[in-house]
Amino acid sequence: MLGVMSKKLRSLLKNQIRDNGPMDIGLFMAQVLGHPEHGYYMRQDPFGAAGDFTTAPEISQMFGELIGAWVADVWMQMGAPESFVLMECGPGRGTLMADALRATKKVDGFHEALEVHFLETSPVLRKAQGKAVQTHEPVWHDGLETLPDDKQLIVIGNEFLDALPMRQLQKTKEGWAERVIGLDDNNFCFGLAPYAGSVPEDISGAREGHIFEFSPAQVSFVEDITQRIKNQSGAALFIDYGEMKTQAGESLQAIYKHDLVPILEHVGDADLSANVDFGAMGDAASGQGMSVHGPVEQGAFLKQLGIEQRAALLIQNSDKDQKEAIEKALHRLTESDQMGSLFKVIGLSCGAALTPAGF
Ligand code: SAH
């Protein structure tokens, strides 16, 4: 069943294709997710059992609590500046930040020093974030341009990069071609268009039919953050699912009510996302002189930060049902058959010699 709300988005995309010809997947994804009026994230809260998917902070309070401890530790390593910007990219319902703030209440001077900033385009989610983090009067931004430039900066983002547009190439007999989206009898369909750009060395061994995904939007976002941190000093932490190194393979997926669905069948109603290339992120940052920490697997990172001890402590004060829920959440966040290996964590820093925890 296709939603009525997303109908406008589909007809808008189809008109663009009729007018301008097939479009690359990046342009398609940007509009499906982020169209100011009709985009997937603009219209709804996609999280939780009633939504389309669940994220780590929504699984357990432990996730945000440990990220909070990570931030407080970095702040102390930075010399505990009196005032700094803590910016979260794509905060969803604001759960991670709320848990992070609660867990760090007792860190001397930390709450007085931090200014909460959110990078978020969705009006629906901004509202939820405002409710979750009322006491800290967050400041929202549509882009990085409006972020204060006169303070040290700590940036965090969970499952943010994977929502930025990516493109796909396919190896053909004649070389690499770009996968595009066109129309076949008024239905969306995939096609191929000539591609004149270069491809990284890492995929030179790809065979005919192989897909390669790349995201200029992710790379330029990380470069912009890098520039900010270089100018203002500080650190960044990104957590997402993806690969340690640049490689061929297809990961673009559409998720609708917790199920994978064909990408072109629920356009506007399903979330679209793709693996983050952590190798490319690290290269983009280190190429500009940043220290890169990791990437490491999420399970290892959370264990380093003490998630098992935190779970044990929570269990002490719990009844049987709560105990089971905590154990289940711990498993889900850290084990390899769940999110523990698929999800990776990368840290970036510049300025003072920082050794962020967890790597
Ligand atoms: N971090 C949250 C939500 C992840 S979903 C969690 O872990 O639960 C992706 C988030 O990024 C949503 O809040 C979405 O509205 C936001 N987002 C997606 N694309 C964006 C963009 N280009 N600019 C700002 N926010 C964006």
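Just so you know, ligand 1 is whichever comes first in the structure, and atom 1 is the first atom listed for that ligand.
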Query raised in the report: Any idea which of Trp140, Phe160, Tyr41 brings a heavy atom closest to atom 5 (S) of ligand 1?
Result: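 It is Tyr41 whose heavy atom sits nearest to atom 5 (S) of ligand 1.
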Provide, to 0.1 Å, the distance between [atom] and the closest protein heavy atom, together with that atom's residue and name.
atom: atom 3 (C) of ligand 1; value: Gly90 O, 3.4 Å
atom: atom 15 (O) of ligand 1; value: Glu120 OE2, 2.5 Å
atom: atom 9 (C) of ligand 1; value: Glu159 O, 3.4 Å
atom: atom 7 (O) of ligand 1; value: Asn158 ND2, 2.8 Å
atom: atom 22 (N) of ligand 1; value: Leu164 CD2, 3.8 Å
atom: atom 18 (C) of ligand 1; value: Ala163 CB, 3.9 Å
atom: atom 6 (C) of ligand 1; value: Thr55 OG1, 3.3 Å

Requested in this report: Classify the side-chain pair Ser273/Tyr241 by whether it contains a donor and acceptor separated by less than 3.5 Å.
Outcome: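 Ser273 vs Tyr241: donor-acceptor pair found between side chains.
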Report task. Answer with yes or no whether the side chains of Asn186 and Arg18 bring together a donor and an acceptor at under 3.5 Å. Result ->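 A pair is found: one side chain offers a donor N or O, the other an acceptor, under 3.5 Å apart.
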**Report entry** Single-linkage hydrophobic cluster, 4.5 Å side-chain cutoff, Leu12 and Phe28 together
**Finding:** no
Would you say ligand 1 has an N or O under 3.5 Å from any N or O of [X]?
X: Asp142; answer: no
X: Ser122; answer: no
X: Phe47; answer: no
X: Pro57; answer: no

Report task. Let me see the working for Lys303 and Glu335 under salt bridge (Lys or Arg N to Asp or Glu O under 4.0 Å), right down to the final yes or no. Result -> CA-CA 10 Å; Lys303 283 179 186 170; Glu335 291 309 309; 3.8 Å; yes
Query - Exam field: side chain Lys230 to backbone Gln288, donor-acceptor pair closer than 3.5 Å - result: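 Yes: the side chain of Lys230 pairs with the backbone of Gln288.
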Query raised in the report: Just by distance, do the side chain of Gln129 and the backbone of Gly92 share a donor-acceptor pair under 3.5 Å?
Result: yes
List the atom pairs, with distances to 0.1 Å, where a side-chain N or O of residues 64-76 and a protein N or O form a donor-acceptor pair under 3.5 Å, not counting sequence neighbours.
unit_1, atom_1, unit_2, atom_2, d
Glu65, OE1, Arg310, NE, 2.6
Glu65, OE1, Arg310, NH2, 3.3
Glu65, OE2, Gln61, NE2, 2.6
Glu65, OE2, Arg102, NH2, 3.0
Glu65, OE2, Arg310, NH2, 3.3
Trp70, NE1, Ala357, O, 3.0
Asp73, OD2, Gln77, NE2, 3.0
Trp75, NE1, Pro81, O, 2.9

Report summary line: Short version for Thr121: what comes under 4.0 Å of ligand 1, heavy atoms counted, is both
Query raised in the report: Just which atoms of ligand 1 are under 4.0 Å from any heavy atom in Gly92?
Result: 2 (C), 3 (C), 13 (O)
Report task. Run the numbers for me: atoms of ligand 1, each under 4.0 Å from some heavy atom of Leu125, listed by number. Result ->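 Matching atoms, with element in brackets: 12 (C), 13 (O), 15 (O).
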Query raised in the report: What orientation do His136 and His111 show, parallel under 30°, tilted 30 to 60°, or perpendicular over 60°?
Result: perpendicular
Side-chain donor-acceptor pairs of residues 46-55 under 3.5 Å, sequence neighbours excluded:
unit_1, atom_1, unit_2, atom_2, d
Asp52, OD1, Lys257, N, 2.6
Asp52, OD2, Tyr40, OH, 2.6

Query raised in the report: Minimum heavy-atom separation for Gly26 to Arg167, with atom names?
Result: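 In this case the closest contact between Gly26 and Arg167 is N-CG, 3.7 Å.
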